[in-house]
Colleague: 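Handing you a structure now.
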2 protein chains.
Amino acid sequence: MNIPADSAAVRRGNLALVLRHIADHGPCARTEVAAGTGLVHASVTALVADLVARGLVEEVGAAVTGARGRPRRLLRLVPERVRTTAVHVTWEHITVMTAGLAGSPGGARQLAHHQGPFGPREGMADAIAAAVTESVPAAPGVHHGRLVIAMAGPVTDARADDPGRGWHAPELAALVADRLSGQSCPVDVVNDANMAALAEQHALAAAGDDPGGTVAYVKSDAGVAGALIINGRIHHGSYGLAGELGHIPVTLDGPACRCGATGCLTTYISTRAVLDAAGLGDLAAPHDSGAALAELGRRLQSAEPRALAALDRAGRALGAAIQSIIGMVDAERIVLGGHLAEWLPWLLPGIKVRMDPRRAAFPTLPVAVSPGVFGPDAALHGAIAAGRARILADPTAVPGGRGSGGASCAGSAGI
Amino acid sequence: MNIPADSAAVRRGNLALVLRHIADHGPCARTEVAAGTGLVHASVTALVADLVARGLVEEVGAAVTGARGRPRRLLRLVPERVRTTAVHVTWEHITVMTAGLAGSPGGARQLAHHQGPFGPREGMADAIAAAVTESVPAAPGVHHGRLVIAMAGPVTDARADDPGRGWHAPELAALVADRLSGQSCPVDVVNDANMAALAEQHALAAAGDDPGGTVAYVKSDAGVAGALIINGRIHHGSYGLAGELGHIPVTLDGPACRCGATGCLTTYISTRAVLDAAGLGDLAAPHDSGAALAELGRRLQSAEPRALAALDRAGRALGAAIQSIIGMVDAERIVLGGHLAEWLPWLLPGIKVRMDPRRAAFPTLPVAVSPGVFGPDAALHGAIAAGRARILADPTAVPGGRGSGGASCAGSAGI
DNA sequence: CCCATTATTTTCAATGGTTGAAAAATTAGA
DNA sequence: TCTAATTTTTCAACCATTGAAAATAATGGG
């Protein structure tokens with residue numbers, strides 16, 4: 001910590017502690033909150049009163065236990081008090097999704113945009129703001145928690161020496177925030193693969209399948225990307241480029257990559273590389289490989305040798321990359337997204353070629369490779385989860401209690 | 001955070017804030033501490049009084065500024081109040097080093113031990129405790145801050161399902177703590193490569209060369225190992241094996257490794273692999289390759305082709321590994337330790353073969369590869385730094401103030 | 001030599017937070 | 001109706017930071 005702590009910080013932390021307990025453990029009484037958090041009954045009373053004043057928590061009625069004593073009054077999260085808006089910007093579409101704090105987002109609205117993949121910042125900000133204002137109506141009593149914008153492509157952080165590639169998060173966030181005059185709220189600009197990884201990690205945790213402290217995510221659809229989650233938080237790296245493992249080398253003398261190097265992972269597991277290896281490169285149009293992918297799926301089902309060989313080749317490269325991930329960051333769970341999730345049955349033999357020898361050396365290390373459960377909407381779900389986590393981590397951002405009432409509306413970038 | 005915050009936590013955090021400022025910015029007055037930390041003058045007065053009561057800070061006299069006004073009374077860290085002891089356990093030796101808080105450790109005392117590399121825990125604990133009690137005399141008024149034991153080999157954390165390999169940190173820490181009856185203090189058991197990385201990162205920061213948030217360390221001497229430092233802290237991974245990158249694959253079809261896989265980094269950059277490739281494998285005795293290494297150094301100086309080729313081969317593999325590190329965790333600084341530091345001039349061409357194409361794609365990313373400044377004592381210096389950081393992060397562990405006075409003496413493992 | 005000025009440090013009441021014990025509330029069972 | 005049991009609230013106490021005022025200790029000028 002670099003800033004001094006005071007009683008307000010204590011209050012903030014304990015409010016978050018109580019709110020998270022209520023969110024995680026369903027409707028529960030104050031006593032259970034006290035037992036679960038380590039706080040004393042008196043403190044829980046005061047903290048819950050604060051959360052109720054902010055509209056984040058409400059009493060749902062008395063529990064009918066049949067036991068003696070004063071009945072416990074159950075507390076519940078008010079899901080619709082705070083609304084998180086997620087935006088996914090791909091090369092061709094802007095998709096908007098909103099959700100309350102309940103964790104079950106509604107449907108997504110998709111709009112076409114005509115900005116280039118790295119087009120002018122102002123044009124992109126216009127398009128995003130228009131999509132948001134169109135899709136998210138203002139409602140009374142609803143606090144707009146956060147607008148999380150997931151970009152397909154590198155997102156760099158607040159550095160003076162911009163690498164020139166990718167989106168400058170603070171800049172784009174500020175541009176969009178300016179254009180949301182009516183419903184101003186904090187704006188985050190993040191990478192979509194990071195958000196997809198977050199979604200998958202939350203899904204694993206929600207399913208009771210503890211993903212552990214370090215989770216790696218690899219996906220291949222429009223491009224190859226990945227993300228690293230360490231202790232439940234995304235690892236950004238020095239330039240916000242962590243997890244961009246499309247161009248990690250998996251062999252010393254491999255095919256030439258468009259990036260100039262050789263043997264990049266992209267040259268093995270990208271959609272184009274797999275289609276080419278399967279002899280289906282001709283079927284894929286520049287921006288629509290749907291037909292070719294469908295044909296690949298059919299040939300895999302019918303065990304066509306060339307299709308199988310293409311996925312074996314990809315699997316071996318992916319296995320090497322996974323082995324690097326495990327050795328480097330000691331992840332105990334690798335989640336595959338995009339087409340890799342669909343292809344997993346055919347990739348696994350190739351992956352095992354790499355992983356089994358290591359497993360023989362460290363027999364009891366339970367590293368699991370699993371397919372992601374989300375489809376193309378993974379990034380949206382992850383962005384919703386990120387916004388929700390922000391509110392749960394600092395309830396004082398919602399007005400109504402004694403503390404500060406949601407003032408900061410500037411764009412920020414750190415999730 | 002999972003435990004509630006109270007006024008004691010506020011006090012702890014602000015004490016650490018003040019102490020760190022005094023430690024980092026040399027002798028300075030209370031006003032400067034207030035300006036640097038964001039605390040108010042009144043708070044600084046109270047906090048400094050607490051630190052003085054604990055013996056961690058003292059007034060060094062008035063500053064002779066010649067300016068008008070009440071003269072500032074300079075505060076200084078008391079270096080000898082807290083003593084950190086570091087132990088490095090290699091396959092053959094136990095080395096002990098102690099240091100105060102000043103940052104300039106004294107000489108190291110080395111003892112031979114006759115435990116196997118993964119010998120019985122009790123025997124190793126006996127040897128370590130004996131070395132410590134022999135090397136570190138008790139002194140009045142000196143608080144033993146922490147005993148940090150850096151083990152050459154994998155160190156696993158508190159998990160029920162022990163992988164069987166490596167040292168179980170809590171167990172060994174408890175065993176050693178039990179044997180230090182006279183001078184009980186908290187014991188940490190950590191991996192030596194992690195500590196070496198920490199030492200190098202501290203050295204870079206101390207030299208004014210900001211290493212950034214993510215630093216990777218790779219070394220090769222008795223074995224190939226590495227470490228990852230994220231935001232100044234060691235990344236352990238799910239099983240405490242992060243950074244063990246001796247067995248990450250750098251190519252799809254490489255030489256067979258003793259671990260059972262093929263193409264591991266070890267098969268390219270280990271001391272034995274380099275000596276073999278240079279045609280010097282016969283000179284190396286099983287446990288002493290000193291003569292062979294000296295001969296390799298001579299041949300490199302005289303540009304003997306086979307020696308140069310061996311290091312080019314190693315450099316290319318190392319470049320691929322570095323490229324993987326950069327792509328995966330986005331480190332902006334790679335530090336090479338062990339023999340790699342000595343060999344760097346001859347490794348660099350091979351490394352550049354891998355890194356330059358990527359640099360062409362991301363021209364302004366300033367990723368630096370640099371040799372470590374520490375020799376074999378790197379782990380000891382890092383362990384000292386880790387112990388020092390612990391005290392600076394929680395001064396209430398030192399008795400004397402109002403808060404708790406250094407009670408917990410059990411073994412722990414998390415650095 | 002004395003006094004105004006200036007800058008640092010300390011003191012002190014006020015505020016806000018958690019805590020522990022006691023009191024109040026509310027129901028089941030005798 | 002009364003007692004026991006359990007949850008919730010109230011209240012005095014304590015501790016930490018804060019802001020303003022007071023104390024401290026030098027310099028520079030008359």
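Side chains are part of it too, since the values below use all heavy atoms of this structure and drop only hydrogens, waters and symmetry mates. In what follows, chains are A, B, ... by sequence order, proteins preceding strands, each numbered from 1.
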Colleague: Rounded to the nearest 0.5 Å, how far apart are NE2 of H143(A) and CZ of R81(A)?
Modeller: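 It comes to 7.0 Å.
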Colleague: What I'd like to find out is whether the side chain of D50(B) reaches to under 4.5 Å of the side chain of R54(B), using heavy atoms alone.
Modeller: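 Answer yes - side chains close enough.
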Colleague: If I take atom CG in residue L39(A) and atom C1' in nucleotide dG17(C), what distance separates them, rounded to the nearest angstrom?
Modeller: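 It works out to 12 Å between those atoms.
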Colleague: Among the nucleotides dG16(C), dT18(C), dT18(D), which one has an atom lying closest to any side-chain atom of S43(B)?
Modeller: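 Closest of the options to the side chain of S43(B): dT18(D).
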Colleague: So, is N14(B) near the phosphate of dA16(D), with a side-chain N or O under 4.0 Å from OP1 or OP2?
Modeller: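 False: N14(B) side-chain N/O out of range (4.0 Å or more) of dA16(D) OP1/OP2.
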Colleague: Measure the distance from CG on D6(B) to C1' on dG16(C) and round it to the nearest whole Å.
Modeller: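 Between C1' of dG16(C) and CG of D6(B): 14 Å.
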Colleague: Is there a side-chain contact between I229(B) and L198(B) (heavy atoms, below 4.5 Å)?
Modeller: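 Side chain of I229(B) against side chain of L198(B), heavy atoms only: contact under 4.5 Å found.
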Colleague: Are any non-hydrogen side-chain atoms of H236(B) and N194(B) less than 4.5 angstrom apart?
Modeller: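 When only atoms from C-beta onward are counted, N194(B) and H236(B) do touch, with a gap below 4.5 Å.
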Colleague: Does a side-chain N or O of R11(B) approach OP1 or OP2 of dT17(D) to a distance below 4.0 Å, or not?
Modeller: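 Checking R11(B) against dT17(D): at least one side-chain N or O falls below 4.0 Å of OP1 or OP2.
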Colleague: Does the side chain of R73(B) get closer than 4.0 angstrom to OP1 or OP2 of dT24(D) through an N or O atom?
Modeller: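 Answer no for this pair, as no side-chain N or O of R73(B) is under 4.0 Å from OP1 or OP2.
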Colleague: Under 4.0 Å: is that the gap between some side-chain N or O of T31(B) and OP1 or OP2 of dA7(C)?
Modeller: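 T31(B) to dA7(C) OP1/OP2: no side-chain N or O under 4.0 Å.
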Colleague: Starting at CZ of R12(A) and ending at P of dT18(C), how long is that distance when rounded to a whole Å?
Modeller: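 Distance check: R12(A) CZ to dT18(C) P gives 12 Å.
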Colleague: Using a heavy-atom cut-off of under 4.0 Å over every strand shown, decide if L47(B) touches base, sugar-phosphate, or nothing.
Modeller: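 The answer is sugar-phosphate, as L47(B) gets under 4.0 Å only of primed atoms, P, OP1 or OP2.
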Colleague: Quick one: label A46(A) by what it contacts on the DNA or RNA (base, sugar-phosphate, nothing), any heavy atom closer than 4.0 Å.
Modeller: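 Nothing: the residue A46(A), judged by heavy atoms under 4.0 Å, touches no strand.
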Colleague: Rounded off to whole Å, could you give me the CG-to-P distance for the L74(A) and dT6(D) pair?
Modeller: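 The answer, rounded to whole Å, is 17 Å.
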Colleague: Using a 4.0 Å heavy-atom cut-off to protein, can you give one letter per nucleotide of nucleotides 21-30 of chain C, 5' to 3': B if the base is in contact, S if only the sugar-phosphate is, - if neither?
Modeller: ---BBBBB--
Colleague: With the side chain counted from C-beta on, respond yes when S7(A) and V10(B) share a heavy-atom pair under 4.5 Å apart, and no when they do not.
Modeller: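 The answer is no, as the side chains (C-beta and beyond) never meet within the 4.5 Å cut-off.
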Colleague: Determine whether L51(A) and P395(A) make a side-chain contact, defined as any pair of heavy atoms from C-beta on separated by less than 4.5 Å.
Modeller: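 When only atoms from C-beta onward are counted, P395(A) and L51(A) do touch, with a gap below 4.5 Å.
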Colleague: Should stems be defined as at least three consecutive Watson-Crick or G-U pairs with both distances under 3.5 angstrom, which of them involve DNA chain D?
Modeller: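 The stems are C:1-30 with D:1-30.
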Colleague: Would you say that M195(B) contacts I234(B) through its side chain, given a criterion of any heavy-atom pair below 4.5 Å between the two side chains?
Modeller: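 When only atoms from C-beta onward are counted, I234(B) and M195(B) do touch, with a gap below 4.5 Å.
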Colleague: Among side-chain atoms of T84(A) and R388(A), is any donor-acceptor pair under 3.5 angstrom?
Modeller: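 Result is no, nothing qualifies.
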Colleague: What I'd like to find out is whether the side chain of H41(A) reaches to under 4.5 Å of the side chain of R30(A), using heavy atoms alone.
Modeller: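 H41(A) does not reach R30(A) side chain to side chain.
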Colleague: Does L19(A) reach the side chain of L77(A), with side-chain heavy atoms less than 4.5 Å apart?
Modeller: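 Yes - at least one pair of side-chain heavy atoms lies under 4.5 Å apart.
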Colleague: What integer distance in Å separates R30(B):CZ from dA25(D):C1'?
Modeller: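 These atoms are roughly 14 Å apart.
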Colleague: Return whichever of T45(A) or A5(A) has its heavy-atom-nearest nucleotide of DNA chain D closer to the 5' end.
Modeller: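 Its nucleotide being nearer the 5' end, the pick is T45(A).
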Colleague: Please report the distance, rounded to the nearest Å, between CZ in R72(B) and P in dT24(D).
Modeller: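 These atoms are roughly 20 Å apart.
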Colleague: E32(B) has an atom CD; how far is it from atom C1' of dT8(C), in whole Å?
Modeller: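 One finds 11 Å between C1' of dT8(C) and CD of E32(B), rounded.
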Colleague: As a test of reading the structure: which of dT8(D), dA16(D), dT9(C) is closest to the side chain of H41(A), going by heavy atoms?
Modeller: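 Closest nucleotide to the H41(A) side chain: dT8(D).
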